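Just so you know, these numbers come straight off a predicted model, no measurement behind them. Convention: sequence-line order gives letters A, B, ...; per-chain numbering from 1.
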Amino acid sequence: MLNYLQGLNEMQQKAVLHKDGPLMIIAGAGSGKTKVLTTRITHLMAAHNVDAFNILALTFTNKAAAEMKERIAHILGNTEARNLYIGTFHSVFARILRTEAPKIGYPNNFTIYDTEDAKSVIKTVINELNLDDKQYKPNTVYSRISAAKNALVGPADYANDYHLQQEDAKANRPMLGQIFVAYANRCFKNGAMDFDDLLIKMYELLKNYPDALSKYQRKFKYILIDEYQDTNPAQYEIIKLLGAMHENVCVVGDDAQSIYSFRGATIENILQFKKDYDDVAIVKLEQNYRSTKNILHIANQVIGNNKGQIEKVLFTDNAEGEKIKLVRTLTDNEEGKMVADTIQEQRLRYHLANKDFAILYRTNAQSRSFEEALRRMGIPYRIYGGISFYQRKEIKDLLAYLRFIVNTNDDEALKRIINYPARGIGKTSMEKVALYANEKNIHMWEVLCNAAMFGFKSGALESIDNFVITIKMFQSELTKQNAYDLAVLVGKHSNIVKELFNDKTTEGLARYENVQELLNSIKEFIETPLNEEDGEVGDKGLGTYLQQISLLTDADADSDENADTVKLMTIHAAKGLEFTMVFVAGLEETLFPNAMSINTREELEEERRLFYVAITRAKAKLVLSYANARYRFGQLQQNDSSRFLEEIPEEYIERSYAGQAARNNGNNWQQGTAFERMNRGFGNNNFSASNSSEKKKPSYLTPPPRPAIKEHVPSNNFEASNTALLQAGQRVEHQKFGFGQIVTMEGASHNPIATIHFEQNGEKKIMLNYAKLRIVE
DNA sequence: GATTATATGGTTTTT
DNA sequence: CCATATAATC
């Protein structure tokens with residue numbers, strides 16, 4: 001027994017074995033904190049007989065939660081782990097609120113608004129208050145409100161706060177408090193909570209309802225919190241309340257990796273934790289098991305430039321490893337190509353798999369150049385983040401129907417679906433509906449149900465009545481059918497599916513497939529066995545499903561975790577992950593550090609922590625890159641290299657220069673230097689001859705010149721054909737290159753390449769896996 | 001009221 | 001460059 005303790009170092013064991021009382025673990029990057037957390041939970045259960053039902057663990061993503069559960073189940077060798085309460089703050093609280101909502105005046109089936117929904121409500125409210133949405137930009141208003149909530153400042157507090165009033169008056173938005181109040185009221189009326197409300201309402205529940213507080217205090221005898229440096233004051237206060245009875249609160253964090261202050265997170269929580277509890281045990285995990293000495297060393301150097309930090313020194317027994325590569329390119333496109341070429345080369349030379357590589361960047365918009373380059377080379381990849389599945393329009397549309405059926409108070413969902421697909425209830429009618437609803441202080445749905453009474457006539461009235469009948473029909477099926485069958489019915493009867501099916505454009509086709517995928521996901525939800533639960537509302541109903549998916553992260557939606565693909569993501573999304581070889585791209589002033597975050601020392605230090613997080617994702621190999629110019633707002637913009645690069649000691653770096661200029665001249669430096677003269681800011685970057693070695697230059701030094709193509713307008717019946725059986729001699733149509741004839745077929749069967757002679761554009765090699773070709777004959 | 005053309009304006013990061 | 005908002009037209 002207790003053999004799960006083997007393989008833990010002294011400090012890790014100390015953290016695991018600490019039984020009762022507050023515990024703070026300061027865990028450096030790659031120091032095995034997940035291992036410590038899982039082992040600690042296992043130990044509580046196995047050695048101290050703590051019931052799984054009495055343990056609450058809060059993680060940063062649902063995926064991390066699922067993995068933790070799985071690992072614990074594996075070590076324990078039984079099914080007890082499924083009774084653990086593990087999840088993100090948001091999902092755990094949503095689950096609790098689903099049971100307790102009526103106490104605070106919400107329906108059990110409350111809707112969860114994502115950012116887009118919330119902004120839309122804010123916009124409506126601004127219009128209703130007769131304010132100008134140019135002066136009050138929904139984006140700004142939303143972030144102000146969100147910031148207030150995360151600091152536990154409610155609408156009334158906000159509107160009455162003298163300082164906030166002054167601040168808003170100065171910033172030319174004196175009515176912000178009123179908007180906040182109206183927004184909060186509207187959400188409440190709609191039976192909806194936004195992301196921040198999940199914390200706020202949980203706090204209010206515990207604060208104002210002693211019976212609820214004591215219920216959950218008794219239940220959660222042991223509380224563990226991962227990524228503690230990224231918690232905000234609202235979360236802090238909730239935990240303080242929940243943990244007050246037993247004080248068995250264990251937090252794990254690393255101040256050096258705090259990167260979510262824009263979401264209200266504050267490192268203060270770490271300092272405050274020590275003050276709030278009398279006798280906090282503190283354990284520091286300082287041995288890094290992930291990275292080479294070189295990588296860890298420059299990480300330490302970089303973070304050393306930040307001022308306030310909790311003292312700790314990361315060390316490792318790992319090998320020294322390679323030097324850090326620093327590559328400069330002329331443009332973002334060449335940066336993409338350099339990365340793709342390097343991946344290809346490294347993969348072959350060291351027998352690495354695609355999934356050993358990650359490309360990290362500061363902003364989602366940067367993914368494009370990497371996508372293009374990887375696709376061109378036939379390297380499979382997967383992008384995390386950006387527009388997630390559940391944010392696609394077609395998905396949100398169908399979900400809005402389901403949301404509305406479950407909660408007809410949700411005016412936001414109603415507005416989305418009432419005229420989609422078009423059924424003749426347009427803007428004018430809806431303005432009237434909104435007007436009547438506000439006058440009588442009832443829901444828009446009630447107005448619709450009594451449309452005749454409110455004076456709607458002929459055409460409009462008929463359309464509205466039909467809509468009401470349809471929705472009522474769906475509602476009556478709500479109790480008779482399961483979520484999947486109902487969703488299928490809604491898709492059919494609302495004509496959404498038909499509408500998408502009839503759209504034969506490529507985008508339409510993709511949308512249709514997305515909807516099918518959504519239906520599949522609902523089916524899967526229904527078919528997965530119930531999580532054992534003690535008398536909670538947690539059931540297989542549509543309401544549960546809707547609440548669950550609104551809290552999914554993009555990382556959670558990852559179906560094939562082990563797929564052999566190169567991973568592309570923002571640094572934020574990479575937190576907690578590790579890869580054999582990491583590319584950190586776009587190390588340029590105004591991009592990283594980002595122009596939005598260089599105005600205060602605090603902001604800049606957070607950018608630096610972000611850089612630190614990026615570096616410490618790498619196990620063996622690290623490549624940093626930057627481009628002299630990149631497309632932004634559709635225009636080529638020049639940038640200096642990032643100030644962070646100057647913080648890395650020269651002897652750890654191997655510089656090189658990839659791109660077209662190098663090729664044209666046959667000599668890397670002359671063109672490079674000429675270019676440098678045109679761009680100030682390169683003075684200190686001494687591109688010494690460090691890469692003048694005789695080694696064969698990688699192929700990224702020779703991008704083929706691309707002749708301008710003659711754009712082709714696809715035929716109206718253009719539709720991608722199945723090209724599996726394509727043969728030489730056949731005539732095809734390509735979306736861009738126009739009509740042509742297959743000259744030869746080559747390449748492996750899983751990645752066939754066709755050489756095609758196009759009438760307008762000459763001979764081109766086309767990868768069939770990616771190109772859209774219509775077979776003409 | 002719906003469909004299409006033009007204008008605008010916005011990019012940091014995410015539950 | 002992109003997506004969404006408004007205007008113009010049927």
Need one value for [X]: base, sugar-phosphate or nothing, where a base atom within 4.0 Å counts as base even if backbone is also close, heavy atoms only.
{"X": "A:Ser429", "value": "sugar-phosphate"}
{"X": "A:Phe89", "value": "nothing"}
{"X": "A:Lys123", "value": "sugar-phosphate"}
{"X": "A:Thr115", "value": "base"}

- Item | Distance in angstrom units between A:Asp226 CG and B:dT15 P, rounded | 15 Å

- Message: In whole Å, I'd like the distance from the NZ atom of A:Lys119 to the P atom of B:dT14.
- Response: 12 Å

- Mind checking side chain to side chain donor-acceptor pair (under 3.5 Å) for A:Asp194 and listing every partner two or more places apart, or none if nothing turns up? A:Lys149, A:Tyr183

- For residues 122-133 of chain A, pull every pair meeting salt bridge (Lys or Arg N to Asp or Glu O under 4.0 Å), keeping only residues two or more places apart or in separate chains. A:Glu128-A:Arg186

- Message: Quick check on DNA chain B: between A:Glu607 and A:Asp196, whose nearest nucleotide comes earlier from the 5' end?
- Response: A:Glu607

- Residue set satisfying salt bridge (charged side-chain N to carboxylate O under 4.0 Å, His left out) with A:Glu462, at least two apart, ordered chain then number -> none

Is it the case that the side chain of [X] and the backbone of [Y] share a donor-acceptor pair, with hydrogens and angles ignored and the cut-off at 3.5 Å?
{"X": "A:Asp410", "Y": "A:Thr111", "answer": "no"}
{"X": "A:Asn150", "Y": "A:Asp196", "answer": "no"}
{"X": "A:Glu335", "Y": "A:Gly586", "answer": "yes"}

- Which of these passes side chain to side chain contact (heavy atoms under 4.5 Å, CB included) with A:Leu500: A:Val497, A:Asn502, A:Ile496? A:Ile496

- Using atom P of each nucleotide, how far apart are C:dT4 and B:dT13 to the nearest Å? 16 Å

Which pairs, protein N/O on one side and nucleotides 2-7 of chain B N/O on the other, fall under 3.5 Å?
residue	atom	partner	partner atom	Å
B:dA2	OP1	A:Asn419	ND2	3.4
B:dA2	OP1	A:Gly424	N	3.3
B:dA2	OP2	A:Asn419	ND2	3.2

- Just to confirm, is there a sub-4.0 Å distance from OP1 or OP2 of B:dT15 to any side-chain nitrogen or oxygen of A:Asn62? no

- Message: Between A:Ser91 and A:Asn62, do the side chains contain a donor N or O and an acceptor N or O under 3.5 Å apart?
- Response: yes

- Query: Is there a donor and acceptor pair, one atom on the side chain of A:Arg362 and one on the base of B:dT13, closer than 3.5 Å?
  - Reply: yes

- Query: A:Thr428 side chain: which of B:dT12, B:dG1, B:dT15 is closest?
  - Reply: B:dG1

- Task: Extract, from 5' to 3' on DNA chain C, the first and final nucleotides lying under 4.0 angstrom from some heavy atom of chain A.
- Result: C:dC1 to C:dA5

Detail all sub-3.5 Å separations between protein N/O atoms and N/O atoms belonging to nucleotides 8-11 of chain B.
residue	atom	partner	partner atom	Å
B:dT11	OP1	A:Asn139	ND2	3.1

